[in-house]
Chemist: 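Sharing a structure, written as structure tokens. Questions coming.
Since the structure is predicted, the reported quantities are computational estimates derived from the model, not experimental observations. Along the sequence shown, residues are numbered consecutively beginning with 1.
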Amino acid sequence: MKNKNKTVWSNRFGKTNSKNFQRIGASINIDKRLYNEDIQASIVHVQMLIKKSIIPKKDGIKIIKGLKKIKKEIDKNKFKFKEKFEDIHQNIEKRLFQIIGDSAGHLHTARSRNDQVVTDFKMWVKKASFDINETINFLIRSLLKKASRNIDTVMPGFTHLQVAQPVTLAMHLSAYDQMMERDKSRVLDCKNRLNESPLGACALSGTGFNIDREMTASKLGFNNPMVSTMDAVSARDFATEFLFICAQCGLHLSRLAEEIILWVTPQFGFARLSDAWSTGSSIMPQKKNPDAAELIRAKTGRLNGNLIQLLTVMKALPLAYNKDMQEDKQAVFESFDTISLCLKAMTGMVETMEFHAPIMKKAAESGYATATEIADWLVRNLDMPFRDAHHVTGAIVKMAVTKNCKLDDLSLSDMQDIEPRITDDIFNVLDVEKAVASRK
């Protein structure tokens, strides 16, 4: 049995690698997550080699059976991953030699680890994209369900975190629905863009064997093979794009988390977070902390950092493959795990959160939120240019501030002191519910 305990290049060197170099070079603890994709791609590769008569059929069949046995071993946690074999590809290949003997040597015909690893990685990202899309869908449904129950729940809309205009809770939550919809579309765009197969590019310049790249691309679920073999083994923009999507989605979740954190404070009192998504204090018995929302807000930093990490790794690499690219997978795996968990946590919070409509309406009635309605009334009813109406309304607000009262507490004569043509019809637009209803 050949090459049982050696690296694939060991015959080229007179000395073995130092232990510390083996440690820095090994990626098996990270990329073993690709075992399913690696075995699937290897089986398809062998099927193509058999069809094209590049390897003997009997050896190919033995390889396929051996690979399926290895998959079962890994699925059942009976496979021993070894750091000395560096990565998932060599760990599987070495085990294949143990199972079927020298026939395993045919597996790597017309293939390099360079095209092998990026094929596996692309397949994994495609599946991860599908999973993220499904998880986003759950959150979208929760947002829309909560919004549908609060179509008439009035609350203040904010700019600069200052009361701006009255809106509804449904309108507010629907804004996050739209953010999530865009995140979904970005996931689909990324998935479609990466859907080209690198397999067959070999190390960088293709292969002299008469392989069928269209066959392997189709069987692995890709639209077509990548055109440039050098680009195929060296491109990682699909990974950086995926990381950006995770970071952007995390940013949207962080914004919603921040609002939840504000809403559940006594100072706002807009909402109550379920005990299932809250913690207490080790010293203050009265505390109920929105820790889940705070952790989502914090994990955005991790998502951003993973994106910057891979962009930095790739920024100055010449064509084609460089060992630096081994650092591409940990960031992607971690970001996928993080965004998936954050989406599920946010879905749980939205589903169980209770809102206090009277408090929200009262807040909408404060801060002179209907001032813009006065300006619009002046334009509609007095044919006043908006800039003039804005100035008149500003004077009315100033009067209310001076009197320390709400706009609808001013008398008609108070307003007529500023603009004599104002009629008592103006009070109709000072009601927050009517103001909301007037908006398109």
Side-chain angles (χ1 to χ4, degrees), residues 130-159 161 163-188 245 248-265 268-278 288 290 292-297 339-367 369-370 372-373 428-429 431-440:
F130 176 82
D131 291 344
I132 286 179
N133 240 20
E134 286 296 294
T135 312
I136 292 175
N137 272 330
F138 288 127
L139 176 55
I140 286 174
R141 285 196 285 270
S142 296
L143 286 167
L144 293 179
K145 186 176 181 180
K146 190 69 71 173
S148 68
R149 295 175 178 174
N150 288 278
I151 292 173
D152 298 320
T153 303
V154 176
M155 66 176 291
F158 297 91
T159 61
L161 204 55
V163 174
Q165 292 177 315
V167 296
T168 65
L169 179 56
M171 184 184 297
H172 200 111
L173 294 177
S174 294
Y176 285 102
D177 156 60
Q178 289 300 295
M179 294 180 204
M180 292 296 114
E181 288 286 357
R182 290 196 298 277
D183 289 332
K184 271 181 57 181
S185 70
R186 274 186 277 268
V187 173
L188 291 174
I245 291 166
Q248 180 63 69
C249 185
L251 186 152
H252 288 152
L253 294 179
S254 180
R255 295 183 71 182
L256 179 53
E258 171 67 10
E259 301 222 66
I260 291 172
I261 291 164
L262 290 173
W263 291 347
V264 300
T265 61
F268 272 76
F270 288 2
R272 186 181 72 84
L273 203 56
S274 167
D275 291 352
W277 298 102
S278 307
K288 183 176 180 181
E294 291 174 0
L295 287 168
I296 289 174
R297 184 176 60 182
I339 196 63
S340 297
L341 183 58
C342 288
L343 283 164
K344 291 172 185 176
M346 183 58 76
T347 300
M349 281 190 286
V350 170
E351 285 178 344
T352 57
M353 192 161 47
E354 297 176 2
F355 289 93
H356 305 311
I359 294 176
M360 297 170 79
K361 182 181 178 182
K362 185 177 180 180
E365 293 170 339
S366 67
T370 55
T372 305
E373 304 304 320
N428 290 326
V429 302
D431 179 81
V432 290
E433 290 178 334
K434 290 181 179 179
V436 168
S438 71
R439 296 283 167 183
K440 292 181 173 59

Chemist: Flag yes if more than 12 heavy atoms outside R141 fall under 6.0 Å of its CZ atom; otherwise flag no.
Modeler: yes
Chemist: Can you measure from CG (L343) to SG (C249) and round to the nearest 0.5 angstrom?
Modeler: 4.5 Å
Chemist: Does some side-chain heavy atom of T370 sit less than 4.5 Å from a side-chain heavy atom of V429?
Modeler: no
Chemist: Sub-3.5 Å donor-acceptor pair from the side chain of K146 to the main-chain atoms of M353, do we have one?
Modeler: yes
Chemist: If you measure from CG on L173 to CG on L144, what distance do you get to the nearest 0.5 Å?
Modeler: 9.0 Å
Chemist: Quick check: are there more than 12 heavy atoms from other residues, nucleotides or ligands sitting under 6.0 Å from CG of D152?
Modeler: no
Chemist: Do any N or O atoms from the side chain of D431 and from the backbone of K434 form a donor-acceptor pair under 3.5 angstrom?
Modeler: yes
Chemist: Just verifying a value: how many Å separate M346 CE and I296 CD1, rounded to the nearest 0.5 Å?
Modeler: 4.0 Å
Chemist: To the nearest 0.5 Å, what is the distance between CG (L253) and CD1 (I136)?
Modeler: 8.0 Å
Chemist: Using side-chain heavy atoms (C-beta onward) and a distance below 4.5 Å, is F138 in contact with K344?
Modeler: no
Chemist: Indicate yes or no: does E433 engage K361 in a salt bridge with an N to O separation below 4.0 Å.
Modeler: yes
Chemist: Is there a donor-acceptor pair under 3.5 Å between the side chain of S185 and the backbone N or O of R182?
Modeler: yes
Chemist: Using a 3.5 Å distance criterion without hydrogens, assess whether the side chain of K288 forms a donor-acceptor pair with backbone atoms of L273.
Modeler: yes
Chemist: So that I know where these two stand, are W263 and H172 an aromatic pair - ring centroids less than 6.0 Å apart?
Modeler: yes
Chemist: Tell me, do F270 and P156 make a side-chain contact under 4.5 Å, heavy atoms counted?
Modeler: yes
